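The shown structure was predicted, so the numbers you read here are calculated from the model rather than taken from an experiment.
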Amino acid sequence: MTDERPLLEVRDLVKHFHVGGGLFGGPAGVVRAVDGVSFSLRRGETVGLVGESGCGKTTTGRCILQLERPTSGEIVFEGRDLTKLDDVELRPFRRRIQVIFQDPYSSLNPRMTVGQILAEPLAVHGIVPERAKRETRVRELLAHVGLLPQHAHRYPHQLSGGQRQRVGIARALAMEPSLIVCDEPVSALDVSIQAQIINLLEDLQREFGLTYLFIAHDLSVVRHISDHVAVMYLGKIVELADRKSLYDDPLHPYTKALLAAVPIPDPELEARREHIVLRGEVPSPLRPPSGCVFHPRCPIAIERCAREVPELREIRPGHGAACILA
Amino acid sequence: MRRYAGLLTLILAVALAAPPAPAQEKPRYGGELVFPVPSEMPSYDGHRESTFGLIHPIAPHYNTLLRVDPTDPTGTKPIGDLAESWTASKDGLVYTFKLRRGVKFHDGSQMTSKDVKASYDKIIFPPAGVGSERKGSYAVVEVVEAPDPYTVRFRLKWTAASFLTSLASPWNFIYKADILAKDMHWYEKNIMGTGPFTFVEHVKGSHWVGKKNPNYWDKGKPYLDGYRALFIKASSAQVAAIRGERAHIQFRSFTSADRDNLKAALGDKITVQESPWDCILMVTTNHEKKPFDDKRVRRALTLALDRYEGSKALSRIAIVKEVAGVVVPGTPYATPPQELEKVAGYWRDANKSRAEARRLLKEAGVPEGFSFTFRNRGLPMPYEPLAVWMIDQWRQIGLNVKQDVVEAAAYFGELRKGAFDVAMDFQCGYIVEPDLDLYKFLSSDKNPANYCRCKDEVLDDLYLKQARALDVEERRRYIRQFEKRLLDEEAHSFMTLQWHRIIPHSSKVKGWQVTPSHYLNNQLDAVWLTE
Amino acid sequence: MTKFIVRRLLLMIPTLLGVAVLIFLLLRIVPGDVVEARYVGGQGQFVSVEQMAMERAKLGLDQPLWKQFVAWMGGLVRLDLGISMWTGAPITEEIKLRFALSLQLAVMATIVATVLAIPLGIVAALKQDTWIDYGVRVFSIAGLAMPSFWLGIVFILGLLIIFEWLPPMVYTPFWVDPWQNMLQLVWPALAVGYRYSAVATRMTRSAMLEVLREDYIRTARAKGLWTKLILARHALKNAILPVLTVIALEFAFLLGGLVVTEQVFNLNGLGLLFVEAIARRDYTLTQALVMLVATVFIVVNFTVDLLYAWLDPRIRFR
Amino acid sequence: MATLLEVRNLTTEFVTSGGVVRAVDGVSWDVREGETVALVGESGCGKSVSALSVMRLVAAPAGRIVGGQVLFKGRDLLALSEEEMRRIRGREIAMIFQEPMTSLNPVLTIGRQLTEGLEIHLGMTPPEARARAALLLGMVGIPDPARRLGQYPHQFSGGMRQRMMIAMALACEPSLVLADEPTTALDVTIQAQILELMKDLSRRLGVAMLIITHNLGVVARYADRVNVMYAGRIVERGSARELYAEPRHPYTLGLLKSVPRLDEPRRARLDPIEGQPPDLTQLGAGCAFEPRCGFRVERCTADRPELRPAGGEGHVAACWELGRVARTPAARVQ
């Protein structure tokens, strides 16, 4: 947070997928997975990206990771626009941006031991070329993520879910990244383990000065870990603010509904709470609604909402919302 | 096994000595003869094709001017078929044939001399666009004349000892002149002959059916009501057909193992006829490739082969048997054994042969362990076992030979291009006649099918001399000289072992005699079934 | 759906064209040609070079390759397969009877395979890891291990030795004499069908096992449905899809000809014709056969896709 | 309220490569008429297996019920013949599963899957069943039900499929519905919809419900009583209000403390339960939670604590140190 220039700046990111179509027809269509998203991350901070499935949060993460080439927009990382780079030029940047996946099991090669999984990128990328030193480094990494040296000889299936996610984190750390995209890193884990992993991520951030883009659907987890939060709906950011402002005083009706929908583990409070239940479901990104994409489900929508596309505007300092009624 | 070999020799001796149908047995009428045919004809035109797959099912529909005496086990004696009698002029240049009267085509029309002339004109002087397989072997004929409806006259350019035999060719079906006049290709897809059987049906890949011609000119014949040829490619299925008594006879040949199995399974129900077979694999050397331009090297190659021992071993596993020169043993022009033993490679003392071979190689400067490639054709029987045997024989004189097998259809194209050092070649006669057997070895410019890329005017001259020698003894002499020069002195090409034909057939089949050629004796006019 | 069908039909054209170009060129790269195969060898010594040239000209083999190809394509477009270079007869005539036999054998063998495979596979899956399952597995592995021609030889020898009887040697079309026809074809159909059933049995078993583990089967059981109904309505329809592919592709392979089995049973089918056509360098016939087999494969594939769509609404409504 | 379902000492085992696992180890719980009971715990604690054991749907041959009784309206379900049990399933007790994506048969229409139960259990004719099916779809909030009956599961969104599952479960008007993680796979806003729907329907139809979940929030919102499971056993049970307000088992306490909550000020650091979930093949003689427990004493390694009264009416917990847990300030969660 000392550096004034953001580590990552996403400007007007658009990612469209073409579906169907082909040589002789079939219903062709464009899925507007990400439709004009802008936000930035400062060094050492965490930005939470929340939203329901299909809102485009994962695609945004994949674009930043350069696993998808954006349709348009800029992704400026450490001063360079990644969208303008070719594969060779991208290589050093790929190392600096790492990812932690939701399901650590499917992202770990089942035929390699934990030690091999961690040593491989060290060798391939020439981070630790000497074999002997690599072993030391693997032990170090395991220690960082709270695993024991003997875990290096285990295979992924011999570990519990939490331990596997620790391996996933260690693998990301091995590359000495500055940015880690955490894509639902705890949602597959048991409740009692989630807290361990969240604490670990926070510890690592402090120790190594990491920057996180934290993609999740669990609003309470996002609140806990994030400095800033962006709420996405149907490919767009509908609200963007610092944590406190967003949770204490949400502006967008969608954010409000989301927060209201989260059940709270307190029966007394739940009995008293007002429950806004949104009607309907998230529309298909193949045919997004006109105007404000949220208007068909919005409890406060007025006739104008069907016509006007609301811009994300700063309603309060550092707190933007895309709603004409906000 | 030794006991068995003795038995086989006995069977062979009996088969060669006496016709299987003694005269006292009275032929029985009726029945359908069923026989598998291992190959199928591309077209129906005997003048054009060269596969026994045509002869076996189609020959019974036709007559030829002359034919080979069906009771002669050597398959060399021409007798009349449509010709009742014939005369030759003193100078041997004009042959006049008197035709039988009352011969009718299957459509009822009379056969006359113009049909014979038209047929032979098609064979010898085919118009443009008409294929004739054997045009080359009638180069001697100047003209064919039909002076009256029952006389045919051939005028020759020079004397030819083999002329009558060549008119007995099983291929030279007499077609109907009127049909040929309209369409020279008609016979490729249709049948219309004068033969003992008429055409019923042909189902491609499956079978061919003929039935008795009730108006056959040879009164009393044929004995069979009809016949059915089954096109069966796999030898196992052919054997099964005989074994299961679904078929009576297969006219090409079985292996000795098949014969033994059938005999074991069916005992007296099977009669075995055997004969040396007018087919042979030989070795051709490429004179353009060193060191095979050196006749010492070529002689060494043939000297290395111990044919007598080879015969004993190979006859058990392959369809070869007799040790022979250029003519099928047991036939009039065959080399007597005591003479054959004087030819290089046929000496009785194998050690002496090998010593001589080594000496020759040394003299020619071929180093010990010299290696070359032997080209072989991609057919299992009998090419493979023969090649394996020869390579081993050559190893014993210090040669290191690698085999290179080329797929059958591409093989002769490769040979013609001269893309070989030493190669297997093949010759198979449809009638036992030195002209046919020796033609192969004329200089390469005279016969491109001689792949040696060599010229030998002495051989060419000897060929002509034997071909024109009307005296049998004189002809024999020339043939011996030819053989000595070809196999021994020059060794352009040399023989391996004669093939051996084995016909184990149902004992019900009578009136059929094995000959050295699987193209002969398939008119079926005298064949009958005991039940 | 119609669009899907039309699209797939149109896609066949480039596929077949590709096959055509490939086989056309491959055949001509191989040394030797039909004239060579016909006149040289045995008694070719009397055939002159001129005569061979004449024969080549007659068959159009002296033309430049592109002209030969265009001529062939032109014929194909008019659905005229041309004449066999070997026999001179129309190719349609050459293929017709053999195709009928191969088709019938393929259908019969497929029926045998299906009738064996589906019930056995289902039973094995239901009785997983019991002696019934092991029995079925041994039976199907044995089918894989025994080449069908070998089984064919065993059949023939068995019939011959035990019953002193052989199947008919000659193919009688079904419509001429069904009894004779069956007497001949039932044996190869059993031999081939048994072998081909092995793969399908294993596929049925594993597909069934997989489906039985699916959540919706548990849902169906939780609804209190009868076991038989669950199997018939819920499990089989899902499990049959991969089995269908296996069986259909096997059918296409069978139709392409069974060279050795045809030889053993002396069947006048496409397989032997194919081998002989290639050995004789009968370009036109080989080409026609390749196109026929390619078309069969494409059509079978297409049919499987349609069946898939019919059975699996997820595809139908995509 | 009368007891509808009473599970007594239910024990279910699985044969795995690591040995025999007691997924459910002598568990007792009950559901009264019209009530909503929760079974809470982390994955592998045996909560789903408990429900499947009640339905006798534990996947054989690996899994089998080895002991106990399941008394439903006084009859022991475990003693019924398979055919008698089949008549109970879907008719008397229905089940809703976690994955609406995979729990519906992809190749059968929604109508087919809805009507088959009606035809079998209620003997309806196909037209009658179809009419009722349309009614049911309407009841669970699926618009245009008549048309939708002809559609296939993949044409429905996740939320719609779960509505469909609910319709299927309620089709024959059962007296008990076992809902196994009914909303876990759904988005937050849809989750809320479905839970509201279930609560509403159970109230209107008077259906008793067993909700199986790991989500403490869901439990708090909907359950009357809560059973907390750990390693195949119930470690605490009580009314929802009391259990949340005064957890008596260290595990329950740990769970409540470890989740970040929107209703509280953000804590600088979360309080996780340390260690890993237990490996059921490696359980010792003592308390299964002992290795992760902050209250453990020597006795915990050797002696397994049984459930004993821990406060108000029906509040029980299985811990030797109930008193110490109760005295911990953090144990009063709010």
Side-chain angles (χ1 to χ4, degrees), chain A residues 50-55 146 159-163 187-200 202-203 217-226 243-244 247-248 254 257-271 273 275-284 297, chain D residues 40-45 141 157-160 185-193 195-197 214-224 226 239-245 251 254-264 266-277 279 292 333-334:
Chain A
V50 283
E52 294 175 281
S53 46
C55 72
L159 301 175
S160 70
Q163 288 170 329
S187 54
L189 302 176
D190 272 323
V191 183
S192 72
I193 305 299
Q194 286 188 3
Q196 295 178 2
I197 299 296
I198 290 168
N199 282 353
L200 172 67
E202 288 184 325
D203 293 345
H217 68 272
D218 186 330
L219 285 126
S220 30
V221 169
V222 168
R223 169 173 176 248
H224 178 82
I225 201 166
S226 308
R243 168 185 64 222
K244 197 168 160 40
Y247 280 86
D248 291 354
Y254 177 63
L258 268 186
L259 288 172
V262 178
I264 288 162
D266 181 345
E268 310 246 2
L269 186 69
E270 277 294 337
R273 249 175 113 195
H275 295 142
I276 317 169
V277 175
L278 282 182
R279 300 258 143 235
E281 309 194 9
V282 183
S284 161
R297 302 177 74 195
Chain D
V40 183
E42 297 176 271
S43 51
C45 72
S157 69
M160 284 295 168
L186 303 175
D187 275 319
V188 188
T189 58
I190 308 302
Q191 190 179 357
Q193 291 174 358
L195 285 169
E196 288 302 319
L197 174 71
H214 67 273
N215 188 323
L216 295 165
V218 168
V219 176
R221 192 180 285 186
Y222 300 103
D224 301 315
V226 182
S239 72
R241 279 170 193 258
E242 190 169 328
L243 191 123
Y244 277 79
Y251 175 63
L255 276 185
L256 286 168
K257 282 200 300 181
S258 66
V259 292
R261 293 169 61 154
L262 287 178
D263 60 322
E264 288 177 357
R266 179 181 174 272
R267 282 173 282 168
R269 209 173 154 73
L270 296 176
D271 276 321
I273 300 174
E274 293 305 336
Q276 304 299 324
D279 177 349
R292 305 173 74 184
V333 174
Q334 72 258 58

Cut-off 4.5 Å, heavy atoms of chain A, and the answer for Ala268(D) is backbone
Whether the side chain of Glu274(D) engages the backbone of Arg292(D) through a donor-acceptor N/O pair (distance < 3.5 Å, no angle test) should be reported.
no
For Ser160(A) and Gln276(D) the tightest heavy-atom approach is OG-OE1, 2.6 Å
* To do: Check for a donor-acceptor pair, side chain of Glu242(D) on one end and backbone N or O of Ser239(D) on the other, with a separation under 3.5 Å.
  => no
Of the listed Leu216(D), Val188(D), Asn215(D), the one with the largest count of heavy-atom pairs under 4.5 Å with chain A is Val188(D)
Cut-off 4.5 Å, heavy atoms of chain A, and the answer for Val259(D) is side chain
Okay, Ala260(A) and chain D: the region with an atom under 4.5 Å from a heavy atom over there is backbone
Under 4.5 Å to a heavy atom of chain D? For Ile198(A) that would be side chain
In terms of heavy-atom pairs under 4.5 Å with chain D, the winner among Gln163(A), Lys244(A), Arg273(A), Arg297(A) is Gln163(A)
- Query: Any salt bridge between Arg223(A) and Asp248(A), counting N to O under 4.0 Å?
  - Reply: no
Checked Gly280(A), Ala261(A), Ser284(A), Pro267(A) vs chain D; the most non-hydrogen pairs under 4.5 Å come from Pro267(A)
Minimal heavy-atom distance between Ala220(D) and Ile264(A), with the atoms involved, is CB-O, 3.2 Å
Practice task
Please confirm whether the backbone N or O of Thr189(D) pairs with a side-chain atom of Asp187(D), one donor and one acceptor, at under 3.5 Å?
Solution key: no
Interatomic distance, CG@Leu255(D) vs CG@Asp190(A), rounded to 0.5 Å, equals 9.0 Å
Most heavy-atom pairs under 4.5 Å with chain A, out of Gln191(D), Arg221(D), Glu42(D), belong to Arg221(D)
Counting heavy-atom pairs under 4.5 Å with chain A, the top scorer among Gly141(D), Ser157(D), Gly44(D), Pro272(D) is Pro272(D)
When the 4.5 angstrom heavy-atom criterion is applied to Arg279(A) and chain D, the contacting part is backbone
Under 4.5 Å to a heavy atom of chain D? For Gln196(A) that would be both
*So, the side chain of Gln193(D) versus the backbone of Leu278(A): is there a donor-acceptor pair under 3.5 Å, distance only?*
yes
Most contact-rich option vs chain A, by heavy-atom pairs under 4.5 angstrom, among Arg241(D), Arg266(D), Arg267(D), Met160(D), is Arg266(D)
